[in-house]
Amino acid sequence: IAESPPPRPAAPLTRETAADGSQGSSSHLASRAGRLAAIKATYVTPGLTHLERIRRLLAALDAMSPDELLDARREFEDLAEQGYSVNYEVNFVYWKLGEALGGRALEAITPSDTDGSTTEGLTRAMAAWATKEPANAVAWFNQLPDGKFRDEMSFWVVDGLCQRDPAEGA
């Protein structure tokens, strides 16, 4: 793991909006930036146990809107580019995206290769969507053309259904 300068104190992980309820106000943008900085600071803060990092990450993700989840995904991509190993943690972001956006999350996450291979993020979002909205996820899946992408996604649809109800995935 690459060394980094000591992080600034993390902002609170609470969800705030402007007094008028708008999402585009400067106070909202500041709180949004604060939540994203808090995730990054939590990850790079030395001395935290892995379990404590995950607890803090899950608390932060639960407070985020879908747009903020997409921003969090980019934050983890930045951490990975800096040499941090974040594969485990970013899967929670993809799961939350699948829960929050369903099929729209799959549009935001593209296959990794031109041959139609899936990415881990895409599969996590699919499983989360199948867990939360099984009928919609299965209907989307049933419309996929035959091929490698459909074959790979079939496992994750079943995985999500089994997490909801093991008998459903059988």
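- Atoms CE and CH2, from M153 and W140 in turn, are 4.5 Å apart once rounded to the nearest 0.5 Å.
- Taking CG from L101 and NZ from K132, the interatomic distance works out to 9.5 Å, rounded to the nearest 0.5 Å.
- Annotation: side chain of V138 is in contact with side chain of V157 (closest heavy-atom distance under 4.5 Å).
- N136 pairs by the side chain to side chain contact (heavy atoms under 4.5 Å, CB included) definition with W129, E133, not counting sequence neighbours.
- Remark: D159 pairs with A127, F155, W156, Q163 by the side chain to side chain contact (heavy atoms under 4.5 Å, CB included) rule, at least two apart or across chains.
- Between the side chain of E68 and the main chain of S65, a donor-acceptor pair closer than 3.5 Å is present.
- Note that CG of N91 and OG1 of T123 are 7.0 Å apart. Values are rounded to the nearest 0.5 Å.
- Residues satisfying the side chain to side chain contact (heavy atoms under 4.5 Å, CB included) criterion with E77, sequence neighbours excluded, are R73, R74, Y94.
- Looking at residues two or more places apart in sequence or on another chain, you find a side chain to side chain contact (heavy atoms under 4.5 Å, CB included) between D146 and R150.
- Taking the salt bridge (charged side-chain N to carboxylate O under 4.0 Å, His left out) definition, one finds that E99 meets it with K96, sequence neighbours left out.
- Within the 4.5 Å cutoff, no side-chain heavy atoms of E75 are placed close to those of V93.
- By the rule that hydrophobic residues join a cluster once side-chain heavy atoms approach within less than 4.5 Å of another member, L58 and W95 end up as members of separate clusters.
- The shortest heavy-atom contact between A137 and A130 is CB-CA, 3.6 Å.
- E89 CD to I54 CD1: the interatomic distance, rounded to the nearest 0.5 Å, is 4.5 Å.
- Expressed to the nearest 0.5 Å, how far CE of M64 lies from CG of L97 amounts to 10.5 Å.
- Listed by chain and number, the residues in a ring-ring contact (aromatic ring centres under 6.0 Å, His included) with F92 are Y88 (sequence neighbours excluded).
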